[in-house]
Amino acid sequence: MMIIRPEKIKDYTAIHKVNELAFGQRDEADLIEALRKSDSFIPELSLVAVQKGEVIGHILFSPVVIKSKERVISALALAPMAVHPKFQNKGVGSKLIYRGLEDCRRLGYKIVVVIGHSGYYPRFGFLPARDKGLDVAFPVPDEAFMVLELGPGALDVTQGEIIYPPEFQEVS
Ligand SMILES: CC(C)(COP(=O)(O)OP(=O)(O)OC[C@H]1O[C@@H](n2cnc3c(N)ncnc32)[C@H](O)[C@@H]1OP(=O)(O)O)[C@@H](O)C(=O)NCCC(=O)NCCS
């Protein structure tokens with residue numbers, strides 16, 4: 001049986017390892033560690049999938065802001081997420097996303113953006129973000145830049161540029 005729960009201190013090393021194995025490099029694992037040290041880090045939105053006591057997957061949602069001419073709105077960015085290669089394509093990633101989005105909603109967030117695989121995230125309701133009036137300061141292909149409204153109409157009143165925390169610049 002697999003459970004999904006917020007990370008604990010004892011998971012830090014395993015989270016690093018799962019990310020390094022899944023991405024085949026350390027950048028994302030290092031990014032998580034940098035974000036964890038930042039004031040805006042939300043531990044409840046760093047979730048692990050645990051099976052037989054082993055961390056087999058991880059997802060993180062980080063605060064970002066959407067800056068328009070008139071105002072600045074809080075949102076979340078899904079990044080990074082990783083499933084141990086031995087456990088991929090078994091639904092672990094989907095369960096992490098569904099549970100994570102539920103927690104984001106519970107904490108009052110209305111908008112989640114992701115930069116990632118256009119063949120994967122649309123099944124969870126993510127749509128092309130530029131079609132919804134969002135943009136981002138660094139070059140990202142249209143199909144990879146996606147957004148999900150957690151509340152109906154959240155994006156009708158919110159458009160502008162997504163500002164990622166500075167830690168992301170290291171890996172973008
Ligand atoms: C992407 C990832 C998190 C998905 O986790 P998972 O547990 O394997 O996903 P699920 O079992 O819930 O879903 C499997 C589906 O995801 C699809 N998928 C996996 N990787 C994909 C990719 N790179 N691009 C598009 N689709 C992908 C599979 O094809 C499969 O599709 P199907 O259901 O139509 O057959 C996992 O493959 C992973 O860790 N990849 C390496 C790291 C990475 O790319 N992270 C995401 C950064 S955006």
Side-chain angles (χ1 to χ4, degrees), residues 1-7 11-36 38 41-42 44-64 66 75-105 109 111-132 134-150 162-172:
M1 207 191 71
M2 184 187 76
I3 61 158
I4 294 177
R5 59 160 175 78
E7 68 170 30
D11 302 320
Y12 291 179
T13 306
I15 290 171
H16 195 285
K17 192 170 156 210
V18 162
N19 276 274
E20 197 174 343
L21 285 172
F23 285 98
Q25 58 179 35
R26 287 186 53 150
D27 296 28
E28 290 76 9
D30 290 346
L31 169 65
I32 293 164
E33 290 187 359
L35 289 168
R36 206 182 265 128
S38 81
F41 183 72
I42 306 170
E44 299 101 296
L45 294 181
S46 180
L47 300 173
V48 286
V50 181
Q51 189 169 284
K52 294 184 185 160
E54 189 192 347
V55 172
I56 60 169
H58 172 254
I59 193 167
L60 178 63
F61 295 86
S62 295
V64 292
I66 304 174
L76 292 169
L78 189 177
M81 78 170 291
V83 172
H84 189 297
K86 267 197 326 200
F87 297 92
Q88 288 176 8
N89 294 308
K90 297 178 196 296
V92 177
S94 300
K95 287 194 177 111
L96 279 165
I97 292 181
Y98 284 124
R99 163 66 191 273
L101 293 175
E102 216 177 278
D103 290 355
C104 295
R105 200 176 280 118
Y109 288 93
I111 296 168
V112 179
V113 293
V114 67
I115 293 173
H117 309 305
S118 58
Y120 188 56
Y121 295 100
R123 69 185 69 185
F124 307 101
F126 284 86
L127 298 167
R130 288 199 177 97
D131 290 354
K132 292 281 185 183
L134 299 179
D135 212 340
V136 65
F138 42 88
V140 180
D142 284 347
E143 69 278 7
F145 179 36
M146 291 167 271
V147 65
L148 176 72
E149 291 172 305
L150 296 176
I162 310 285
I163 313 289
Y164 275 76
E167 288 81 3
F168 278 88
Q169 277 157 27
E170 303 292 313
V171 290
S172 63

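FYI, side chains are in, hydrogens and waters are out, and symmetry mates aren't considered; it's all heavy atoms of this structure. Residue numbers count from 1 along this sequence. Read the numbers this way: they start at 1 and go in the same order the structure lists the ligands and their atoms. Just so you know, these numbers come straight off a predicted model, no measurement behind them.
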Self-check item: Distance flag for atom 20 (N) of ligand 1, protein heavy atom under 4.0 Å
Solution: no
Quiz item: To which protein heavy atom is atom 30 (C) of ligand 1 closest, and what is the distance rounded to 0.1 Å?
Solution: N89 OD1, 3.4 Å
Quiz item: Which residue owns the protein heavy atom closest to atom 7 (O) of ligand 1, what's the atom, and how far is it?
Solution: G93 N, 2.7 Å
Quiz item: Can you find a heavy atom in the side chain of D103 that is under 4.5 Å from one in the side chain of E44?
Solution: no
Quiz prompt | Protein contact to atom 12 (O) of ligand 1 [nearest heavy atom, distance to 0.1 Å] | solution = S94 OG, 2.5 Å
Quiz item: Should you measure from each heavy atom of A82, which atoms of ligand 1 turn up under 4.0 Å away?
Solution: 39 (O)
Self-check item: Residue pair C104 / L76: nearest heavy atoms and the distance that separates them
Solution: SG-CD1, 3.4 Å
Practice problem: Measure from the side-chain N and O atoms of H117 to the backbone N and O of G119, and report whether any donor-acceptor pair falls under 3.5 Å. | Solution: no
Quiz prompt | Y120, Y121, F87: member with heavy atom nearest to atom 48 (S) of ligand 1 | solution = Y121
Practice problem: Please determine if G91 has a nitrogen or oxygen closer than 3.5 Å to a nitrogen or oxygen of ligand 1. | Solution: yes
Exercise. Can you sort out which atoms of ligand 1 are near G116, meaning under 4.0 Å from one of its heavy atoms?
Key: 48 (S)
Quiz item: Does the separation of the ring centres of F168 and F138 fall below 6.0 angstrom?
Solution: no
Quiz item: What is the nearest protein non-hydrogen atom to atom 5 (O) of ligand 1, stated with its residue, atom name and distance?
Solution: V83 CG2, 3.5 Å
Quiz prompt | atom 41 (C) of ligand 1 - nearest protein heavy atom and its distance | solution = A22 O, 3.4 Å
Quiz item: How are the rings of F124 and Y121 set to each other: parallel, tilted or perpendicular (split at 30° and 60°)?
Solution: tilted
Quiz item: For the residue pair L45 and G100, what are the closest heavy atoms and their distance?
Solution: CD2-O, 4.5 Å
Quiz item: Taking all non-hydrogen atoms of both residues, which atom of V83 and which atom of V18 are closest, and how far apart?
Solution: C-CG1, 4.2 Å
Quiz item: Mind checking what makes side-chain hydrogen bond (donor to acceptor under 3.5 Å, both in side chains) contact with R105, not counting sequence neighbours?
Solution: none
Quiz item: Do any non-hydrogen protein atoms sit less than 4.0 Å from atom 35 (O) of ligand 1?
Solution: no
Self-check item: Nearest-option assignment for atom 22 (C) of ligand 1, heavy atoms, candidates M146, H117, R123
Solution: H117
Quiz prompt | Shortest protein heavy-atom distance from atom 38 (C) of ligand 1, along with the residue and atom involved | solution = Q88 NE2, 3.4 Å
Quiz prompt | Heteroatom distance test (F23, ligand 1): nitrogen or oxygen, under 3.5 angstrom | solution = no
Quiz item: Which option out of M81, K95, K90 puts a heavy atom nearest to atom 3 (C) of ligand 1?
Solution: M81
